[in-house]
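As the structure is a prediction and not an experimental result, all values here were calculated from the model. Computation of the quantities below employed the complete heavy-atom set of this structure, encompassing side-chain atoms and omitting hydrogens, waters and symmetry-equivalent molecules.
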Amino acid sequence: KSILLWRCVFFSKEKGQEVVKLSPLPKRAKRTYLAMDTDKEVIGYVIPVFRANHDVVRGLMESQEEATEEGINYVAMRNLFVREAKEALDVKVVKKSRSTHIRESVERMEFSRTMDEWTEFRKKMNPDSLTHPPEFVIKPRGQTVWEGKTVKLHCTVAGWPKPRIAWYKNNVLIDAKAHPEKYTVESNYNMHSLEIKNCDFLDTAQYHASALNVKGEASCVATIVIKIMFSVPSADGFCPEHGVTFRTSIIDKFEVAFGREGETLSLGCTVIIYPTVKKYQPEVIWYRDCKYYPSKWVHTHWSGERATLTLVHLNKEDEGMYTLRVNTKSGFDTYSAYVFVRDADVEVEGVPVAPLDVWCHDANKDYVVVTWKQPAVEGSSPILGYYIDRCEVGTHHWAQCNDTPVKYTRFPVTGLVEGRSYIFRVTALNKFGVSRPSRVSEAVVAMDPSDRARLPGPSAPWTGMIKFTEEDSTDSVVPGEPSDVVVTEATKSYVVLAWKPPVQRGHEGVMYYIEKCISGTDTWQRVNTGMPVKSPRFALFDLAEDKSYSFRVRCCNSAGVGEPSVSTGDITVGDKLDLPSAPGSPVATRNTDTSVVVSWAASKEVRHLVGYYIECSIVGTDVWMPCNNKPVKQTRFVCHGLTTEANYVFRVKAVNAAGYSQSSPDSDAVVVKAAISVPGKPTGVTLVEAVKDYMILAWTEAANNGGADVRGYFVDYRTVKGGIVGKWHEMNHKALTTTSYKAENLKENVFYQFQVRAMNMAGVSKASLPSAPLLCKEWTLTVPGAPVGLHVLEVRDNSVVVLWEPPVFDGRTPVNGYYLDLKVASSGEAGWKAVHEKANKMKYMKVAGLKGGTSYVFRVRAQNLVGVGKTSAVLGPIQAQTRPGTKEIYVDVDDDGIISMIFECSEMTGDSEFVWSKNYKAITDTSRLTIVNEKGKSRAIFNNPSLEDLGTFSCVVTNTDGISSSYTLTEEGLKRLLDISHEHKFPVIPFKNEMAIELLEKGRVRLWTQVEKWTADCQVDYVFNDVIVSAGQKYSMKFDKSTGIIEMFMDSLEVTDEGTFTFNLVDGKAKGTTSLVLIGDEFRELQKKSEFERAEWIRKQGPHFVEYLGFAVTQECDVLLKCKIGNIKPQTEITWSKDKIEIISKSDAGIYEVYLKDDRGKDSSTFNMTDAGYQAVMNELFRVIANSSSEIKVLSTEHGIVLYSMVTHYNEDLRVGWLHKDAKIAASERVKSGVTGEQLWLKINEPTEKDKGKYTIDIFDGKDGVKRFFDLTGKDRARVVGGLPDVVAIQEGKSLNLTGNVWGEPVPEVSWSKNDKELLPDDHIKLKFEHGKFASITIAAVTTADSGKYALLVKNKFGTEAGEFTVIVQFVDEVEQESPDDTWSVVSMTTHNS
């Protein structure tokens, strides 16, 4: 620190002498570099008297005890802020002559005039008379110049007071006075410039112009790039200084190197300079990533013949592209290779590796921002955060800066001691532990940036005079308020504030208090209550995430605390920097036997990108390894150190301060081996056809394809006029797939030359020799040209597939077909014969009926409407012979039902590939097929087999002798495969018959079924109403695995047995289910039969009728009443009676009865012989049946509609008629009527408009008949037509799902109710109405509270109807407590007909 003295000159006339008095320095004079006039206006800079070192500054800060009567608190604060020393000055008297006095008077007048001009200029530059921080009006512009040239940077800076300008190169201050031969710095008014002379490669850098005044600091950056000239001005590199031309040769080059952290690695090359000149040595420079990095970790050595670079204690920061540059007087030579640094082995498995690139930024008196980069490997779990450690230079004690790990790779470190130097390191943390620490950062000094900028810089030019001025004492001035308080960083962990110091601050330094206020309140809370901060930066921690705060700053010194600054406004705590988006899909290409080139699309949404990490994995291992341990910013990287012939996939992730992005999609697999080369030049460019504005060209493909298939061709053209050729131009921008091309948009009667280039996956070849000048003039041909590109596939003993490309010239009309000819290769021209009679529209044909071992040749002709064109070039001879070991494509359906085509090849080479096509066209739509290749086998998997997949699929193996095969998928074959697929996906145990029921003796019930296929492991679950039942007093089960018969027996059928009986079978993966529903009338009828059978068994224990009383008519027309009895004994009594009276005469008529009786029991039988009585009984029966009929209902089926009415009973003698619009309906195939059980129905298949109208059913009731009506108009009232049960009994905890069928036009409105109250959907109850027909209710995990009366309500403008049903929920415990004879029905329901 320095003390600046100012001179104040007082003039007085004392005895002809001018007395010059120097005022003493104030007690606490503030150090400044600004000269003031009498109006306290800044008039310029002056020169500091001296600059003290740090030790002196520290000494000046130690104040002695004060002898004044000031309070102890005031003394403490004053001693804290006062930084200046006391200086005593002597008064000096100078005697001057008259001439000297006159000369000085003239100088003062000139000075006054200059000051007036300066004032005018100041007013012009500062019209508002206010101070302004520096501002770059014109910024320096980056430039690129040749080596040896001179470059000049210009800028214009505004600001008041006038800013001071300093120039920096790569953040190092440029001392122009120390290097006048290199730099010239000029400042005229507000225009400033930096001139760099005789530029060389080392001048390539970023140059900063920094402007500083009392209001602040501003800077601007310009980049200078120096391009190296390939030779000196002499064309041959001749060096006049030494009289020779130097030739450089670099041999014994270092290869791509791999090191590990902590090791030492050396790189070296032997450099030969020819000729050898005594005492001349070239300039040898090493670069990393095209930049020069001098470091204590890097040692270089040049022995005169060998250049060596040694990396001491390798770290990941040392990874990069290393370049050796040898500069001579005749030019330069370079060599580069990459150095990879692998992570050191971790001490604990799963922990992350060390971070890298720790740097310090924005250092201030007690504050610095530390940044770093994430490592490539996070360990076995994601990185949770980072810890930052600091160490004061000169000590070995490391202190942790943060208690909680931070996620961002930036952290503000506070609490530094001003003037001390620090180094930093970072460790990463995941759930398995903490990583090793990173390499330590460069040392940074905690001090004010303006002091840092001034201390190392050169002093201003010496003017030979020190000026002094006197300032009023400003002791005890309370500082003003800071300005421009802003939030520079905001994350979940911390918020960083920055501000500008106040203008009014006296001669003392100032310190700061920070206050915060929660949004929505008026309460301000001081954050740093213990000690004010010295730096105009502050980091706040422990703020609530997603909460808003306001901040302000107060200044303080020994005089007190100033007013607060303006509030920042509401600031929400949270991350302001998002994670980068995933990079685009990487593309991996072959490079060498151990490296692959990976390129990718940059992340689209990313801010402050740090770089990319590339990872690789051997296919099939799922183990990912880092390819680089230092992030790279370019989107192309060469991954070295791979295993030759291994199959790798790659992925990329982006990194910024917020963390890692998601990994990109995996690249396509690539085999690590040397890359292929570009193909050779095509030959024989000729003209095939010409029209007035286009020409058709053809050429011969190159003999050398560069190791890969040629993917296309590019055609160039130029005009030829009078022997003068023009420039080459591209004809096609998209590669051609054939060896012919239609060159369009040419000019008639103009000569053209053409050349062709071939392309494969390695690149584009050199151009072919130009064709002869060709005249664009119309030819008169009308038929098509010759087809081209003939080749064969699938050569077998008796068949071959011939393929071709269409002719380049179609003729006057498009080609509409082809003709294929063949002949035995040994026969003459007369041996040609057509393979087919009708034109083939495809560009391929399978030729069958060949003779094995015979060689054939083929040719093709194209046809259009005009006629058949000329033949193609002859293909062949092709021998009809199946290669040994040839396999055909076969279709497989695996256990999961996936259908695929498989082709195997045992003769594949390293470059061979399977190429699938459909109808002999390359498959481009990958949505239909998925191709999987592995170890000589290719599988084409159908993603969703359908009719779109019908066709011929073929597979060719490249780089073999034509190994290929095909498979034709037909509609019938597809159907068969789909059936097999379904069987494999869902195997079902087949049943010979579904579950059946039969009544046995004593009323016992037998439920049984028989399976068709089963194994010994087949298991059966016997289920009643979704509850598994087991053998006991009520049930007995049996599974006879010798016959496949499954049986379940019940002694009787009780009321609680109403429901669904199910046999669930499991046999390995296969399953089978068969059920029998016993509910409603069917169950009751069966129950009656069971009870009847049991009663019959009891009845038959005594005398009983085997055949009941009946009659028979004899030949004599006698009517015999007869019966058959059984189980009688001699003591059994047999009695006949009529009307309860014993029969005396056979001629009596009436109602007859027979009685049986003995000591074991009795039985009776009755018969009515009266015809009228019989008819009366029948008529009464008809009346009951007719009146029991329901209203006509309608039911929709897949074939049409059904109108029906239900009756309680039906007798075959009952007469039923149907009428439409009061006319009797005649039976037909479309309209039929009939009876099923108790349902009288009328079926109308495929109804039409004519079927609308009124329908009537007429049922005979013994007299006139009963009629029911239904109006089928198409606009029907809303109805619930089926699907809902009457009663549902369900076990607690089960889920209930019911669907009702709704009818009506227009579509009804649907609602649900429970216990006559509207039911609304929630998380427990889901209600749906789909397709205007199906209304469903789902109750998840029913409870007893769900019991009640439910209704489905439908409504439209024609009417309303409700479908009601009752839900009964029973506790599980109650079910288990039921006895076997009293089993509770878990699910019982009676459904509506639907």
Side-chain angles (χ1 to χ4, degrees), residues 1079-1080 1189-1207 1238-1244 1247 1249 1251-1257 1268-1290 1295-1340 1342 1345-1369 1387-1394:
I1079 59 176
S1189 62
S1190 65
E1191 294 294 333
I1192 298 177
K1193 298 182 180 180
V1194 65
L1195 173 66
S1196 298
T1197 67
E1198 60 179 344
H1199 302 293
I1201 60 175
V1202 177
L1203 303 178
Y1204 67 91
S1205 176
M1206 301 299 297
V1207 294
E1238 287 78 31
Q1239 186 185 72
L1240 312 178
W1241 48 262
L1242 174 68
K1243 294 182 180 178
I1244 306 174
E1249 290 293 327
D1251 294 318
K1252 292 183 178 181
K1254 186 177 74 171
Y1255 284 82
T1256 306
I1257 183 172
R1268 306 294 184 194
F1269 304 96
F1270 183 79
D1271 189 7
L1272 187 63
T1273 62
K1275 294 183 178 179
D1276 199 2
R1277 67 179 180 86
R1279 293 191 300 281
V1280 180
V1281 297
L1284 293 177
D1286 291 333
V1287 178
V1288 177
I1290 187 167
S1295 294
L1296 178 64
N1297 188 354
L1298 299 176
T1299 300
N1301 300 329
V1302 177
W1303 176 270
E1305 184 180 343
V1307 176
E1309 299 176 3
V1310 174
S1311 62
W1312 295 80
S1313 67
K1314 175 185 176 183
N1315 297 331
D1316 299 327
K1317 293 184 179 180
E1318 185 178 1
L1319 193 64
L1320 299 177
D1322 54 23
D1323 293 338
H1324 183 54
I1325 299 177
K1326 306 293 184 182
L1327 305 178
K1328 293 183 180 180
F1329 183 42
E1330 299 175 326
H1331 310 299
K1333 296 181 180 179
F1334 307 107
S1336 61
I1337 179 172
T1338 301
I1339 305 177
V1342 297
D1346 295 316
S1347 298
K1349 179 181 178 183
Y1350 290 76
L1352 169 60
L1353 307 176
V1354 294
K1355 176 182 178 182
N1356 65 7
K1357 63 182 181 180
F1358 294 106
T1360 303
E1361 187 173 297
E1364 298 180 347
F1365 58 96
T1366 301
V1367 175
I1368 301 173
V1369 180
V1387 177
S1388 67
M1389 60 181 69
T1390 303
T1391 61
H1392 296 286
N1393 292 301
S1394 60

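- Here the shortest heavy-atom pairing between G1304 and P1308 reads O-CD, 3.9 Å.
- When side chains are defined from C-beta on, F1365 does not count as touching D1286, because their heavy atoms never get closer than 4.5 Å.
- Although no hydrogens or angles enter the test, the distance criterion places no donor-acceptor pair under 3.5 Å between the side chain of T1366 and the main chain of V1287.
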| said: Before you tell me yes or no, could you show the steps for N1301 and V1280 under side-chain contact (heavy atoms from CB on, under 4.5 Å), namely the whole-Å CA-CA distance, both residues' side-chain angles and the distance that decides it to 0.1 Å? | reply: CA-CA 6 Å; N1301 300 329; V1280 180; over 6 Å; no
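- Interatomic distance, Q1239 CD to K1193 NZ, rounded to the nearest 0.5 Å: 10.5 Å.
- Outside the 6.0 Å centre-distance limit, the rings of Y1255 and F1270 are not counted as a close aromatic pair.
- The shortest heavy-atom contact between F1269 and E1191 is O-OE1, 4.2 Å.
- The CG atom of L1320 sits 8.0 Å away from the CG atom of L1327 when rounded to the nearest 0.5 Å.
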Between side-chain atoms of residues 1332-1340 and protein atoms elsewhere (two or more places apart, or another chain), which donor-acceptor pairs fall under 3.5 Å?
{"from": "T1338", "atom 1": "OG1", "to": "N1297", "atom 2": "OD1", "distance (Å)": "3.4"}

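- Distance alone, capped at 3.5 Å, places no donor-acceptor pair between the S1190 side chain and the S1205 backbone.
- The ring pair (Phe, Tyr, Trp, His ring centres under 6.0 Å) check on F1329 picks up nothing, with sequence neighbours excluded.
- Taken to the nearest 0.5 Å, the CG atom of L1352 stands 9.5 Å off from the CD atom of E1361.
- Looking only at distances, a side-chain donor or acceptor of S1347 sits under 3.5 Å from a matching main-chain atom of V1369.
- Residues V1302 and V1281 fail the side-chain proximity criterion, which asks for heavy atoms closer than 4.5 Å.
- Contact annotation: the side chain of Y1350 approaches that of L1319 to within less than 4.5 Å [non-hydrogen atoms, C-beta and beyond].
- Under the side chain to side chain donor-acceptor pair (under 3.5 Å) criterion, S1189 pairs with R1268, sequence neighbours left out.
- Residues I1368 and V1288 form no side-chain contact, since every pair of their non-hydrogen atoms from C-beta on lies 4.5 Å or further apart.
- Sorted by first then second residue, the side-chain hydrogen bond (donor to acceptor under 3.5 Å, both in side chains) pairs that include residues 1308-1330, not counting sequence neighbours, are H1324-D1346.
- Here the side chains of L1353 and V1310 are not in contact, with every heavy-atom distance at 4.5 Å or above.
- Atom CG of residue L1296 and atom CD1 of residue I1290 lie 4.5 Å apart, to the nearest 0.5 angstrom.
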